[in-house]
Amino acid sequence: MGREREAPKQQQVSYTVEQLVALNPYNPDILPDLENFVNEQVSSQTYSLDANLCLLRLYQFEPERMSTQIVARILVKALMAMPAPDFSLCLFLIPERVQMEEQFKTLIVLSHYLETARFCQFWGEAAKNHNILEVVPGFEQAIQAYAIHVLSLTYQKVPRPVLAEAINIEGLSLDKFLEHQVANCGWVLEKGQGRGQLIVLPRNEFNHPELKKSTADSIPLEHITRILPILG
Amino acid sequence: MVNSYDYDDGDGYEDMGGGHRLHQDLGYDPNFVPDSVKTFVVHLYRHIREKNVYEIHQMYEGSFQKLSDRMFKDSPWPSVDAVAPYVDNDHVFCLLYQEMWFRHLYARLTPTPKQRIDSWDNYCSLFQVVLHGVVNMQLPNQWLWDMIDEFVYQFQSFCQYRAKMKSKTEQEIALLRQYDQAWNVFGVLNYLQALVEKSMIIQILEQEKEGLEQFTATDGYDYSGGSNVLKVLGYFSMVGLLRVHCLLGDYHTGLKCLLPIDISQSGVYTSVIGSHIITIYHYGFANLMLRRYVEAIRDFNKILLYIYKTKQYHQKSPQYEQILKKNEQMYALLAICLSLCPQVKLVEENVNNQLREKYGEKMLRMQRYDDEAYALYDELFSYACPKFITPSAPIFEEPLVNYNQVLPSILA
């Protein structure tokens, strides 16, 4: 109920900030609003790349006003947006000497593991640095969603251990997770080799190449309709 | 208010530390106006008043270059104060003249710090006049593009100049402190943004799609007695914003600024060769940084083919050197894209031949993904990327350090 009361106020704030970013982005006075908005995004589990880039730009223009804590939060949110390239985009706006600080070096290593799908190493490193990450609610779920996304590009049927390592869930929790996915996301469980379990992931154009529409060779309908009268 | 630069002002010149190329030549007298210049300004002024765009363009592209080559190879044109009496002291004409004056200075000589600041003042005055909507002229697109292009270029030049703190004298630092608003990044971005907004160019382009407006069809020119200046400056400012954002490293926002322009079609941006190339160069580069390699390859291929076919027609143009330079840079970017994301079908035959000639061997090595390959990526990228800038002023109290930004690494 507390959330319901808060929601209208939240909407008002974010509406105003997004308007600011669209209409008056090159204005140093909106910096505090943008910083508050980052904290809003963290607590309400929302995300706005445009607003965060706007803030990072303002930090670039006035480095003495930069808050590394806010920057760290922006980067964590950007990680959660994968596979979108938001993390790199944010990093481009952060000066090298800031990137050399410990927490940023860690975040960069984490993003590297995610980009190269080294999930085992990712979760290991994440566990060692949970203090940076746990301040942003929803982090784990976002990364798990990304891991599943990567697996669905690659596998038609993924063995249970591979899935477990990718999303860092084991045993009974994994069983529960799979139940939920079967019920809501079209996953199917199969018996694999020996006593193993295979999870059949939904079909898409990447794990089923025959589904891929070749747009490069196709001609848009409008072009055809132009010559139809001549052919007639 | 336009500052009249006073060549007798000692502070403007002599104290500026070593390394400035002499242009306060003993022979140069800012107040001397040769006859050819008198004729030039009188005619140009008349053509502008009569809205004779064709003649303005001839004088702007042709006569100005010829006179510069003949008489002002390494000195500035006569000062605006000396020229003003021949043009009724027309305020707007003087702003335009000064715009050309500074552009010539930057191209042939090295501006002094004070001149950099004065040029900023001139752009501010000029843009303010245009933004107030009181301008009634029609100017050639080439000139309007050059204004925005030069504006961003001088901003870039100033940032690079300002970042080199080690060689600054006391006077230079004092001057920078005093005029800290000059070429301030907020100012630059806000002027470009203001031109986009005041011109309503985004709405015009939207309405054009529905047949309610004419803009592209007339190349931006106004055939109903009005002025094209604000609209076209607003249009080119979108490209200006893309460029500035690329210089700052914000590719996402840069592309957003360009969104109202449909890159897959020709438009006002293709009406001027310089604008066409700069737009696609930055658009392609931004896509490369966003890892949209296929899109970047398509765009580079298209423009490189266009340049291949048409560059012979631009040999006499003052933009020729820049065209060639960007051409080479885009081949390097194309080599990078294709090495990271091979695409057989997307590169046209002639472009492919050129590419193999220039970078065939390097591309083979780049695809080995070893240390040598990384070094090659580095080399090509450093050659082809925009000259990034540090937008913030250095902290003058800190020990003097060079602030020029190191290029971002795109390879993990």
Side-chain angles (χ1 to χ4, degrees), chain A residues 18 20-31 48-66 74 78 81-100 108-118 214-217 220, chain B residues 159 184-194 196-197 202 241 244-257 259 264 285-294 297-298 343-346 385 388-395 397-398 401 403-412:
Chain A
E18 311 238 276
L20 283 176
V21 168
L23 299 172
N24 194 11
Y26 314 123
N27 176 2
D29 294 336
I30 69 174
L31 192 142
S48 167
L49 175 66
D50 286 326
N52 295 347
L53 286 176
C54 188
L55 178 57
L56 290 174
R57 271 200 313 267
L58 291 179
Y59 281 156
Q60 216 194 16
F61 301 163
E62 299 185 302
E64 66 281 2
R65 293 173 82 183
M66 175 184 275
I74 291 178
M82 287 192 80
D86 298 7
F87 189 83
S88 313
L89 297 181
C90 293
L91 214 56
F92 290 146
L93 294 175
I94 299 171
E96 280 214 358
R97 56 186 161 76
V98 173
Q99 288 185 33
M100 310 232 270
I108 291 171
V109 163
L110 287 174
S111 91
H112 180 68
Y113 284 146
L114 285 179
E115 275 193 42
T116 50
R118 293 198 180 107
S214 174
T215 48
D217 296 330
Chain B
C159 288
N184 181 289
V185 65
F186 288 111
V188 171
L189 285 166
N190 279 315
Y191 268 116
L192 291 172
Q193 180 75 3
V196 173
E197 278 169 18
I202 298 178
L241 282 168
V244 175
H245 282 290
C246 284
L247 291 175
L248 298 171
D250 187 354
Y251 309 105
H252 174 87
T253 310
L255 287 178
K256 254 188 130 184
C257 291
L259 212 52
S264 66
F285 184 79
N287 275 311
L288 187 161
M289 297 309 283
L290 267 115
R291 303 188 189 167
R292 294 186 194 151
Y293 300 119
V294 174
I297 290 167
R298 273 208 191 97
Q343 294 285 314
V344 176
K345 286 194 206 166
L346 291 183
C385 69
F388 302 110
I389 53 174
T390 308
S392 55
I395 302 161
E397 287 79 30
E398 271 183 9
V401 144
Y403 275 78
N404 273 318
Q405 198 177 24
V406 182
L407 63 86
S409 65
I410 54 165
L411 303 170

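The figures here come from the full heavy-atom set of this structure, side chains too, leaving out hydrogens, waters and symmetry mates. Protein chains get the first letters and strands the later ones, always in sequence-line order, with residue 1 at the start of each.
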Report the distance from atom [atom1] of [X] to atom [atom2] of [Y], rounding to the nearest 0.5 Å.
| X | Y | atom1 | atom2 | answer |
| --- | --- | --- | --- | --- |
| B:Asp250 | A:Gln60 | CG | CD | 8.0 Å |
| A:Leu89 | B:Leu290 | CG | CG | 5.0 Å |
| B:Ser392 | A:Tyr59 | OG | OH | 14.5 Å |
| A:Cys90 | B:His252 | SG | NE2 | 9.5 Å |

Notebook entry, point to check: How about B:His245 and A:Tyr26: are their ring centres within less than 6.0 Å of each other?
Noted result: yes
Atom group of [X] that falls short of 4.5 Å from chain B, counting heavy atoms:
| X | result |
| --- | --- |
| A:Leu58 | side chain |
| A:Asp86 | neither |
| A:Ile108 | neither |

Item checked: Toward chain A, the part of B:Leu241 with a non-hydrogen atom under 4.5 Å -> side chain
Mind checking whether [X] and [Y] have side chains closer than 4.5 Å, heavy atoms only?
| X | Y | value |
| --- | --- | --- |
| B:Lys256 | A:Asp50 | yes |
| B:Phe186 | A:Glu62 | yes |
| A:Leu53 | B:Tyr251 | no |

Margin query: I'd like to know which of A:Leu91, A:Thr116, A:Leu93 tops the heavy-atom pair count under 4.5 Å against chain B.
Written below: A:Leu93
Check: With respect to chain B, which residue among A:Ser88, A:Pro28, A:Pro63, A:Pro25 yields the maximal number of heavy-atom pairs within a distance under 4.5 Å?
Finding: A:Pro28
Checklist line | Flag if over 12 foreign heavy atoms under 6.0 Å of CZ, A:Arg57 | finding: yes
